[in-house]
Each structure stands twice: as C-alpha cells, then as structure tokens.
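The analysis underlying the following values was restricted to heavy atoms, covering all of them including side chains, and did not include hydrogens, waters or symmetry mates. So that the names make sense, note that chain A is the first sequence line, chain B the second, and so on, each numbered from 1.
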Amino acid sequence: MKIATWNVNSLKVRLPQVLDWLGANQPDALCLQETKTEDAGFPFAELEAAGYRAAHHGQKTYNGVAILYRGEATEVVRDIPGFADEQKRVIALTLDGTRIVSVYVPNGQEVGSDKYAYKLAWFTALAAWLREELARCPRLALLGDFNVAPEDRDVHDAEAWRERILCSTPEREAFRALLALGFRDAFRLFEQPERSFSWWDYRNLGFRRNQGLRIDHVLLSPALAAGCRRCTIDKAPRRLERPSDHAPVLAELDG
DNA sequence: ATGGCTTGAGTGTCAAGA
C-alpha cells in the first residue's frame, strides 16, 4: 500500500500537477492540504477520470483537506470530534482496514500570538482524539502538514529559526506528544539524505538554495511502522512551473 | 533588513502562509 501527503496550496491551481503525480506514483491514498475550495468547486470528475475517488472537507479561500483514494472507503469523519473549529483542517477515512487521517495543522503565525495559542490547543485536541483512535484502530496513519519541524536537523538554519514559529519548544513538544502515543515518524525509520526538507519559501530562491524545513510528515502506528518499507520526499513537483511550496511525502507499507 | 513570493478575493490591494 502506498500512501502520501501533499500540501498543494490551492487544488485549482495544482490540479494538473496532482493528476500527473497520481499517474506517475499510483498511490492508494493521497492526503491533500490547503485545497482552498468549497466542496462545490472540488474537481471530483477529473479525479474520477484518473481513477480516484475523493473525500473532501473544504472552505473558501483558506485551509481545506482531502483524501484521494482508490477502492472503497468507510467511516469518513470530518473535523476533530468534540473540538469546535471553523477551519477545515481534518478528514479521516478507513481504506482496506487502514485508517488514514489527513491533517492541516494551524500555522501559528508567531510565537505568543492568538494563532499560536490556537495551534497548541488544536494539537492537544488532536492528540486526545488520536489516543482513542489508536486504541480502536491498530492500523492508523496520520499524514499531513504539521507545521512543525521536529528537530534541528529538519531546519536549514537551526540557529536562525531557534524558538521561532514552526520550531519553538512547545510546538516540538506537541509533535513529540503524538510520538508518545506510539506513532513513528516514517521518514526517520530510514537513513535519509542530510538537509531533507518538505517545504521551501517561495521567496529568496529558497528551493534552489535548499533553504527549507521538514514540516510535512507521515506518522504511523506501531503496527503500520513495522511494515513500512520506505518513506521519501519527492522533490520533483517542486521543480515544476508554478509549484506548491510543499513537496509530497510518500510511504510504502507492506500489504 | 520582518523584506523577499504565491494564493484567493475581486479590481484596490489585502490577509495569510511558513
């Protein structure tokens, strides 16, 4: 089973790239973030023609998450149960016995801001929900844009980013709290190139200079991690004309 | 250097992203 995550920064703009990527990589599920469209504008027909169904949780202009998948999905859930949120940031479904969750964690804007407090509260709610999901679903994958670079090696210039948004200690602790539930960071199950990132700023030739952060992640429950064969960041779409600022992250699981 | 791009909204130029 191949699963992946990609913050597309507008599905309308990126749809041709998404269709090409699906064709080239043939994932069983692709989690999307920042679709930036309401369900009415979602390209169900184009995806269907490419062999993919979709579950979407969208809104105008901002946020929006989806899971593109092949086969039959059950138990579609939108939002974190019990957590009131205007922003569409979570969708989950079960595919062939594997529960898949697509998340777009709040950015937080600036350490100490209202948005930062929202981000940390959001993480707390996510962890509380996933603790229950893990107990219920041994095969559980959590994919998305976490807006956290977990360690200094996930940052192109750790000193410049020290305690800044995406890298602050409370954010990293929130990420580690997910690992404490039993999740494994699939990317770190394997030897990886140094300076591996999943996001590069559009400005300042960030990609060409590889000035990036690793903030897009695939977290796997113990049962899934045990059968994970590989996890890679695909930089190819970041090189295209009009790219998303994020690259897809892909994991291959046994079975 | 708090800038530097890109998007969606919607015609002016913002807010938001990370």
Side-chain angles (χ1 to χ4, degrees), chain A residues 5-18 21 31-43 56-66 85-90 102-123 126 143-175 187 195-217 233 235 237-249:
Chain A
T5 181
W6 192 5
N7 180 325
V8 290
N9 186 17
S10 168
L11 183 55
K12 185 178 177 187
V13 173
R14 232 65 66 193
L15 181 60
Q17 295 183 16
V18 170
W21 196 85
C31 297
L32 301 178
Q33 299 85 37
E34 290 208 83
T35 58
K36 295 189 176 180
T37 182
E38 291 173 309
D39 290 356
F42 194 87
H56 184 228
H57 192 32
Q59 65 184 89
K60 198 191 271 191
T61 312
Y62 301 118
N63 309 312
V65 285
D85 195 350
E86 298 289 308
Q87 303 181 23
K88 311 305 189 195
R89 297 181 173 279
V90 174
S102 176
V103 295
Y104 176 45
V105 176
N107 170 280
Q109 196 162 65
E110 188 180 354
V111 174
S113 66
D114 288 350
K115 288 178 179 175
Y116 183 74
Y118 163 66
K119 179 178 192 173
L120 295 179
W122 197 96
F123 258 125
L126 179 71
L143 305 89
D145 175 357
F146 288 70
N147 270 316
V148 176
E151 302 177 63
D152 280 356
R153 61 177 165 162
D154 301 312
V155 183
H156 70 91
D157 184 343
E159 290 314 314
W161 283 83
R162 181 81 54 213
E163 294 302 334
R164 287 178 56 194
I165 197 66
L166 316 184
C167 300
S168 73
T169 299
E171 290 166 274
R172 287 179 168 177
E173 286 175 346
F175 184 84
F187 192 73
R195 297 174 59 78
S196 287
F197 308 122
S198 67
W199 170 86
W200 301 261
D201 203 306
Y202 282 125
R203 302 165 293 187
N204 287 330
L205 303 173
F207 182 68
R208 276 174 52 178
R209 295 172 171 164
N210 197 29
Q211 295 179 345
L213 305 175
R214 192 176 71 94
I215 56 176
D216 301 271
H217 306 298
I233 297 169
K235 290 166 77 168
R238 190 62 177 77
R239 299 189 183 98
L240 300 172
E241 290 279 320
R242 280 192 99 182
S244 168
D245 40 358
H246 296 253
V249 185

Asks: Please work out whether dG4(B) sits syn or anti, treating a glycosidic angle within 90° of 0 as syn.
Replies: syn

Asks: What does Asn7(A) touch in the nucleic acid at a heavy-atom separation under 4.0 angstrom: a base, only the sugar-phosphate, or nothing?
Replies: sugar-phosphate

Asks: In terms of the nearest nucleotide of DNA chain B, which residue is placed more toward the 5' end: Pro243(A) or Arg203(A)?
Replies: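 The residue whose closest nucleotide sits nearer the 5' end is Arg203(A).
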
Asks: Remember a base hit wins even if backbone is also touched, and classify Ile165(A) as base, sugar-phosphate or nothing at under 4.0 Å, heavy atoms.
Replies: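 No contact.
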
Asks: Classify the nucleic acid contact of Asp201(A) as base, sugar-phosphate or nothing, counting any heavy atom under 4.0 Å across all strands shown.
Replies: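 Counting heavy atoms under 4.0 Å across all strands, no contact is made by Asp201(A).
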
Asks: State whether the side chain of Arg214(A) and the backbone N or O of Val155(A) hold a donor-acceptor pair below 3.5 Å, judged by distance alone.
Replies: no

Asks: Just to be sure I understand the rule, does Asp145(A) reach a base, reach only the sugar-phosphate, or reach nothing, if contact means heavy atoms closer than 4.0 Å?
Replies: sugar-phosphate

Asks: Give one of base, sugar-phosphate or nothing for Phe197(A), where a contact means two heavy atoms less than 4.0 Å apart.
Replies: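 Here Phe197(A) touches no strand at all.
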
Asks: Can you name the side-chain hydrogen bond (donor to acceptor under 3.5 Å, both in side chains) partners of Asp85(A), sequence neighbours left out?
Replies: Tyr118(A), Trp122(A)

Asks: Mind checking what makes side-chain hydrogen bond (donor to acceptor under 3.5 Å, both in side chains) contact with Ser198(A), not counting sequence neighbours?
Replies: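 Listed in chain order: Asp216(A).
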
Asks: Taking side chain to side chain contact (heavy atoms under 4.5 Å, CB included) as the test, write out the residues that go with Arg208(A), two or more places apart.
Replies: Leu205(A)

Asks: NA contact type, Lys115(A), heavy-atom cut-off 4.0 Å: base, sugar-phosphate, or nothing?
Replies: sugar-phosphate

Asks: Quick one: list whatever passes side chain to side chain contact (heavy atoms under 4.5 Å, CB included) with Leu15(A), sequence neighbours left out.
Replies: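 Scan of Leu15(A) (side chain to side chain contact (heavy atoms under 4.5 Å, CB included), adjacent residues dropped) gives Leu11(A), Leu19(A), Pro43(A), Glu46(A), Leu47(A).
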
Asks: Over all strands shown, is Ile215(A) touching base, sugar-phosphate only, or nothing at heavy-atom distances under 4.0 angstrom?
Replies: sugar-phosphate

Asks: First contact, last contact: which nucleotides of DNA chain B are these for chain A, 5' to 3', heavy-atom distance under 4.0 Å?
Replies: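 Under 4.0 Å from chain A, the extent on DNA chain B is dG4(B) to dA18(B).
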
Asks: Would you give me the side-chain donor-acceptor pairs under 3.5 Å for residues 58-66 of chain A, sequence neighbours excluded?
Replies:
from	atom 1	to	atom 2	distance (Å)
Gln59(A)	OE1	Asn63(A)	ND2	3.3
Gln59(A)	OE1	Lys88(A)	N	2.7
Asn63(A)	OD1	Arg89(A)	NH2	3.2

